[in-house]
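Okay, structure first, notes after.
Counting starts at 1 for both ligands and their atoms, in listed order. Note that this is a predicted model, so its numbers are computed, not measured.
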Amino acid sequence: MAKDAPLYLRPRVEPPLAALLGEAGFLHSLVDALGSPLNVLLPEVVAENADRFLSVYRRHRLSGRVYFAHKANRSSALVRRLAACDPEAVGVDVASLGELRHALGCGFTGDRVMATGPKDPEFLWLAARVGATVNVDSPGELRKLAELVRGHGLSRTRVLARLSGFESDAGYGGTGTRVLSRGSRFGTPVAEAEVLWSALEEHRDAVELVGLAYHLDTTGLEEKARALERCVLLMDECRARGLAPGAVDIGGGFGVGYVAEAAEWERWTTALSEAVLGLRPPLTWRGHGYGLRAEAGTVRGTAALYPAHRTVAGPGYLDELLSRPAPALGRSPATLLLEHLNDLYIEPGRALVDQCGVSLARVLEVRRTDDAPDRYLVRLGMNAGDVSLEEHGVLVDPVLLPRDGARDAPNSEGPVGVHLVGNLCLEADLITRRLVHLPRLPCPGDVMAFVNTAGYAMDFHAHRAQRQPVARTVAVTREAGTWRWCPDEDYWPLTHPEEGPF
Ligand SMILES: Cc1ncc(COP(=O)(O)O)c(C=O)c1O
């Protein structure tokens, strides 16, 4: 392929999201009516994704629950749609008092809720009050919870003990100190588990240990398989002390494939190294290297990028994790869980909202850059906080939705490189620092669709700087071949009146 061929990173788009993107007129009318930026969600897809995870459970004959990590998206529609799923199989992981209140208001009963993350007394009290399971981070947090339970005459609260700092093989006998998993602010280091077990024994009148948990912020299967196996073995230790844990919660991090073609991803990452070395023009705004730098003619550093093309992600990643032999005992985690009669809990965020949404922005201005005549600045009616793919190191092209008839506009001569800039009066407000190649130059009035933004990119970093509008969010459903929409907060998982009985 010619070196100057456009460096596309085209998104992975599956049905029904692909069908929605085919409805440019419908999407334009939504932006016309509701403004730019605009978030569009497909609540049906989140339920289908939950079922895909559950089918992996069925394949391995495992029981347990899929807890949606709510932090990935603020939407009511997504949480309500999940609340309507099988209560035994689908729950929600909440990481704040606000998320807990929201989940309860969306129809989750307390017994389907897992409370994780940093917890203030109000969050702990409400979680215990409604019978949620509390994922306890430290012996100190356990003590605070136990005091609240006793002090307020609450029922004995179900807890999971979250662990971190899993050792390598050398550590299993208690002698080694080499830590395999990366450090975390959350969870009790395995090396300090003894203190945790003692606290669980001391407070057993107020809390009941139902399982062990971890969340590793890595894509490494090996690291996760080792932690899972370690938890199964530690549960045996707990049982020997009279505690009765029955579940392993392996957290989230199953991942999403954003870029459709492996070859495009490889070409772009290779080209980035070449650009950093000065062997080709910069691929980024002011030569930003995404963590790479040139030193004495070689590339140094690590690219701080999400692996945007993934051969295995989401439910497929869970399947692989459960199937591969675990490092110490040589049996698969699925077999270990079955043999020990343990339930499996997972907390997918990003992967559960895969293909669930798009963020739309109006093209406001198109002009040539000062320094390179073949590059353009495209200003959008959104800012970097409205679509924070870049913040998460996710590089993927937007889809251009031309305004009616714009395909024949004078700008349609062919592929171009553009810098996507936001609506803030701030040099740093770039939607991405990458030069984005598009099949043709956009025109003011076109819409750009950023695909697959429901996981962390839509609302996690949105703000009100300069009083720019925060995106509204709508839920769309397809009924009898017609797309319908409503404000996110007005979506309830009920059949539309014309479609059948309530
Ligand atoms: C405890 C916990 N569970 C689940 C998740 C969700 O992770 P992901 O969105 O990568 O699946 C997170 C993310 O930070 C987390 O901290």
Query raised in the report: For Glu347, which residues count as a side chain to side chain donor-acceptor pair (under 3.5 Å) partner, sequence neighbours excluded?
Result: Asn135
Requested in this report: Could I get the full list of side chain to side chain donor-acceptor pair (under 3.5 Å) partners for Glu208, not counting sequence neighbours?
Outcome: none
Report task. Using the test side chain to side chain donor-acceptor pair (under 3.5 Å), find all partners of Thr284 that sit at least two apart in sequence or belong to another chain. Result -> none
Requested in this report: Check for a donor-acceptor pair, side chain of Asp488 on one end and backbone N or O of Ser76 on the other, with a separation under 3.5 Å.
Outcome: yes
Report summary line: Pocket residues around ligand 1 (non-hydrogen, under 4.0 Å) come out as Ala69, Lys71, Asp93, Arg162, His215, Gly252, Gly253, Glu347, Pro348, Gly349, Arg350, Tyr456
**Report entry** Whether Arg112 side chain and Val90 backbone form a donor-acceptor pair below 3.5 Å
**Finding:** yes
Query raised in the report: Would you say Asp137's side chain and Gly187's backbone share a donor-acceptor pair under 3.5 angstrom?
Result: yes
